[in-house]
Amino acid sequence: MRKNIVAGNWKMNKTLQEGVALVNDLKSVLTAKPNCDVIIGTPFIHLATVSEMVKGTVIQVAAENCADKESGAYTGEVSAAMVKSTGAEYCILGHSERREYYHETPEILKAKVDLALANGLKVIFCIGESLAEREANKQNEVVKAELEGSVFHLSAEDFGKVVIAYEPIWAIGTGKTATADQAEEIHAYIRSVIKAKYGEKVAEDTSILYGGSCKGSNAPELFAKPDIDGGLIGGASLKAPDFKAIIDAF
Ligand code: PEP
């Protein structure tokens with residue numbers, strides 16, 4: 001059975017002290033066991049501290065990136081093994097901001113996915129179309145190519161450690177959310193593509209999250225759809241009450 005998941009993506013926000021304060025706030029609002037898995041994606045510098053702080057709670061920790069090389073002379077990079085050594089369990093890969101601003105190609109992402117999995121991390125793999133691609137009605141071919149380019153080389157067993165996050169670029173941080181029907185339509189398509197590649201069981205077991213201006217007010221309608229298994233949350237993950245409102249949608 002696939003999991004319902006609400007995952008935060010702090011992006012490049014919060015000093016270490018601010019991040020610690022946010023985790024303390026989250027721990028104090030998440031008193032009852034939620035009806036979904038809860039993950040927070042933090043900058044590298046927070047990972048070890050936050051992983052220690054959330055031990056014994058429902059909160060799991062994700063890195064927002066990892067290197068496409070195993071180790072060595074790559075100044076400033078952080079390897080998947082290093083991420084794993086902090087206690088983090090997930091790695092977010094393929095976010096549209098990394099694809100656009102840091103020129104992460106499908107081949108680079110494929111290498112990152114392989115290294116993350118080889119080091120015992122689970123992957124939250126982001127896909128999604130731009131506004132121009134949506135207006136040209138190319139969203140289905142874009143997400144299919146993103147899956148084929150970076151994760152469809154995996155064995156079914158390894159694909160089982162991947163969570164897909166569908167994030168239309170035009171909805172990220174813009175306040176424009178895809179309607180629940182628009183999101184459901186493409187989530188169902190993504191699941192059909194996974195089914196064609198890996199079969200019914202793997203497709204049914206894959207969690208597909210929606211991301212893009214998701215908040216407490218629109219999460220219930222989105223999460224009620226059969227192929228939307230939760231959310232990847234940017235802006236609304238930065239304040240404990242806002243993040244909790246989304247978790248409470250389940
Ligand atoms: C994101 O960047 O993953 C995201 C979904 O951002 P926001 O919720 O702010 O649109």
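Atoms within each ligand, like the ligands themselves, are counted from 1 in listed order.
Atoms of ligand 1 found under 4.0 Å from any heavy atom of Gly173, numbered from 1 in the order shown, are 7 (P), 9 (O), 10 (O). Interface of Gly211 with ligand 1, defined as ligand atoms under 4.0 Å from a residue heavy atom, comprises 5 (C). Here is the list of ligand 1 atoms found below 4.0 Å of a heavy atom in Gly212: 5 (C), 10 (O). Those atoms of ligand 1 with a heavy atom of Ser213 less than 4.0 angstrom away are 7 (P), 8 (O), 10 (O).
A distance-only check finds a donor-acceptor pair linking the side chain of Asp229 to the backbone of Ile208 [under 3.5 Å]. Between the side chain of Ser237 and the backbone N or O of Phe243, no donor-acceptor pair lies under 3.5 Å. At least one donor-acceptor pair closer than 3.5 Å links the side chain of Glu18 to the backbone N or O of Thr15. Looking only at distances, a side-chain donor or acceptor of Ser213 sits under 3.5 Å from a matching main-chain atom of Gly175.
For atom 9 (O) of ligand 1, the closest heavy atom belonging to the protein is Gly235 N, 2.8 Å. Closest to atom 3 (O) of ligand 1 among all protein heavy atoms lies Glu167 OE2, 2.7 Å. Nearest protein neighbour of atom 2 (O) of ligand 1, counting heavy atoms only, is Lys11 NZ, 2.5 Å. Remark: minimum distance from atom 8 (O) of ligand 1 to any protein heavy atom is reached at Gly234 N, 2.9 Å.
The aromatic rings of Tyr210 and His187 sit tilted relative to each other, their planes meeting at an angle between 30° and 60°.
Counting only residues at least two apart or on different chains, the ring pair (Phe, Tyr, Trp, His ring centres under 6.0 Å) pairs with a member in residues 44-71 are Trp10-His46. Applying the ring pair (Phe, Tyr, Trp, His ring centres under 6.0 Å) rule to pairs touching residues 58-111 yields nothing, sequence neighbours excluded.
Distances shorter than 4.0 angstrom do not occur between any heavy atom of Ala236 and any atom of ligand 1. Put simply, part of His95 is less than 4.0 Å from ligand 1, judged by heavy atoms.
Atom CZ of residue Phe125 and atom NZ of residue Lys110 lie 11.5 Å apart, to the nearest 0.5 angstrom.
Under 4.0 Å from ligand 1, the heavy atoms of Asn9 that appear belong solely to its side chain. Residue-level proximity to ligand 1 for Ala171 is carried by the backbone, the only part with a heavy atom below 4.0 angstrom.
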